[in-house]
Amino acid sequence: MQRRRRINPKEDAKYYIDTGKDKVGLDVKYINAFKGRGIFATTFFQKGDFLLEYRGELISKEECERRQRVYHDKLKVFLFEFYFNGKLWCVDAAKEDGSLGRLVNDDDISPNAKMKYLTVQGKPHLCLFATREINQGEEITYNYGDSDWPWRCKVVKLKFTKTL
Ligand SMILES: C[S@@+](CC[C@H](N)C(=O)[O-])C[C@H]1O[C@@H](n2cnc3c(N)ncnc32)[C@H](O)[C@@H]1O
């Protein structure tokens, strides 16, 4: 059997950053009223594979703080803050633009992807990479980071009341 040559994950990410497209092999699906939509693999991914870019508007810390004050809670969660070259930046993905990266849900226990940034033409881009093998049908998740995200305590509460 002939083995498929693996595409370099960083080169793959750059291709999708440049074209502004999402990868084939990932799809959006409605999960439930609590979680909303999520992104699911429709093909197998290897550990380390590039999955998606968290696409949006790159804004400064100051602009991010202003939007934090004016946005509704449901939109604030789309403001992704990160350090790049010693400064705080933010990608605002609040706009429904049909891109898939903005719809990936949080998992702080057993995520299968990790957000990293790649620099392309001097600008940072947030990209998700697989942290283990991902099978067809699995939901793509990553850890949104340490914060008291409201859904995390609801999940704990639901599990607790079920075991009583
Ligand atoms: C960046 S959006 C992800 C896409 C979202 N599920 C949707 O349908 O638009 C983040 C929102 O998804 C939901 N969410 C993300 N991770 C979740 C989780 N583990 N459990 C429940 N809800 C979650 C929360 O409502 C959160 O405000």
Side-chain angles (χ1 to χ4, degrees), residues 6-17 20-59 64 68 71 73-84 88-120 124-163:
R6 189 174 183 198
I7 307 163
N8 176 295
K10 277 191 183 173
E11 290 308 316
D12 199 28
K14 282 182 184 161
Y15 169 79
Y16 286 98
I17 288 168
K21 285 184 191 165
D22 285 328
K23 216 171 186 177
V24 173
L26 293 156
D27 221 347
V28 60
K29 223 164 74 178
Y30 177 77
I31 303 168
N32 56 37
F34 176 54
K35 222 172 170 183
R37 298 158 294 174
I39 300 301
F40 290 80
T42 59
T43 190
F44 172 81
F45 288 99
Q46 287 183 51
K47 181 177 177 178
D49 275 354
F50 163 73
L51 300 171
L52 287 165
E53 181 184 3
Y54 184 85
R55 225 177 283 129
E57 192 187 347
L58 180 67
I59 56 173
C64 184
Q68 290 276 9
Y71 274 6
D73 281 349
K74 280 189 176 166
L75 289 185
K76 278 184 198 167
V77 77
F78 289 98
L79 294 166
F80 192 114
E81 292 169 87
F82 62 100
Y83 278 96
F84 169 64
L88 195 65
W89 290 90
C90 172
V91 170
D92 180 356
K95 199 167 149 201
E96 284 273 0
D97 61 356
S99 71
L100 301 184
R102 62 187 292 283
L103 300 181
V104 177
N105 288 317
D106 166 59
D107 186 343
D108 60 324
I109 312 285
S110 55
N112 52 21
K114 193 176 168 71
M115 192 72 88
K116 297 179 179 182
Y117 73 77
L118 278 189
T119 312
V120 177
H125 290 263
L126 298 171
C127 295
L128 273 177
F129 292 88
T131 51
R132 59 166 172 79
E133 288 188 348
I134 302 174
N135 290 308
Q136 185 179 347
E138 271 192 73
E139 184 185 357
I140 308 298
T141 57
Y142 68 101
N143 188 333
Y144 282 16
D146 292 338
S147 186
D148 48 356
W149 300 106
W151 56 86
R152 285 189 187 169
C153 52
K154 268 193 195 157
V155 170
V156 171
K157 263 191 212 157
L158 281 172
K159 277 186 187 158
F160 182 69
T161 41
K162 267 191 183 168
T163 53

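Numbers here simply count residues along the sequence, with the first being 1.
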- Reported CZ-to-CZ distance for the pair R55 and R102, which is rounded to 0.5 angstrom: 11.5 Å
- Message: Does atom OH (Y83) have a neighbourhood of more than 12 heavy atoms from anything else shown, all under 6.0 Å?
- Response: no
- Task: Assess whether side-chain contact (heavy atoms from CB on, under 4.5 Å) is satisfied between M115 and L128, documenting all intermediate values.
- Result: CA-CA 4 Å; M115 192 72 88; L128 273 177; 3.9 Å; yes
- Message: Name the residue from I17, L52, L51 that meets the side chain to side chain contact (heavy atoms under 4.5 Å, CB included) definition with C127.
- Response: I17
- Separation between CG (L118) and OH (Y16), nearest 0.5 Å, reads 14.5 Å
- Heavy-atom closest pair (E81 atom, C64 atom, distance to 0.1 Å) is CG-SG, 3.7 Å
- Which of H125, K21, K23 passes side chain to side chain donor-acceptor pair (under 3.5 Å) with E53? It is H125
- Query: Ignoring hydrogens and geometry, is there a side-chain-to-backbone donor-acceptor pair from D107 to T141 under 3.5 Å?
  - Reply: no
- Closest approach of T131 to K114 (non-hydrogen atoms, all atoms of both residues): CG2-CB, 3.5 Å
- Message: Using every non-hydrogen atom in the two residues, find where E138 and E133 come nearest and quote the distance to one decimal.
- Response: OE2-O, 4.2 Å
- Message: Quick one, V91 with F82, criterion side-chain contact (heavy atoms from CB on, under 4.5 Å). Give me CA distance, side-chain angles, the key distance, then yes/no.
- Response: CA-CA 8 Å; V91 170; F82 62 100; 3.8 Å; yes
- What distance separates T42 OG1 from D27 CG, expressed to the nearest 0.5 Å? 6.0 Å
- Pair F78 and F80, ring centroids less than 6.0 Å apart: no
- Report, as yes or no, whether the 6.0 Å neighbourhood of atom NZ on K95 holds more than 12 heavy atoms from other residues, nucleotides or ligands. no
- Query: So which heavy atom on D22 is nearest to which on S99, and how close?
  - Reply: OD2-CA, 3.4 Å
- Message: Just verifying a value: how many Å separate I59 CD1 and D92 CG, rounded to the nearest 0.5 Å?
- Response: 5.0 Å
- Heavy-atom donor-acceptor pair, N105 side chain to R37 backbone, under 3.5 Å: yes
- More than 12 heavy atoms from other groups under 6.0 Å of CD1 on I31: yes
- Is D148 close to C153 at the side-chain level, that is, under 4.5 Å between some pair of heavy atoms? no
- Query: Is the number of heavy atoms from other residues, nucleotides or ligands within 6.0 Å of CG (D146) greater than 12?
  - Reply: no
- Item | Y54 and V104, any side-chain heavy atoms less than 4.5 Å apart | no
- Item | Test log, rule side-chain contact (heavy atoms from CB on, under 4.5 Å), inputs I140 and I134 | CA-CA 8 Å; I140 308 298; I134 302 174; 3.9 Å; yes
- Note on the structure: Distance col, row K116:NZ vs L126:CG, nearest 0.5 angstrom, shows 13.0 Å
- Taking the six-membered ring for Trp, are F50 and F129 parallel (under 30°), tilted (30 to 60°) or perpendicular (over 60°)? perpendicular
- Can you measure from CD1 (I39) to CG (L26) and round to the nearest 0.5 angstrom? 7.0 Å
- Query: Among side-chain atoms of D106 and W151, is any donor-acceptor pair under 3.5 angstrom?
  - Reply: yes
- Item | Y142 side-chain N/O to G145 backbone N/O, donor-acceptor pair under 3.5 Å | no
- Query: So which heavy atom on P111 is nearest to which on R132, and how close?
  - Reply: O-NE, 4.4 Å
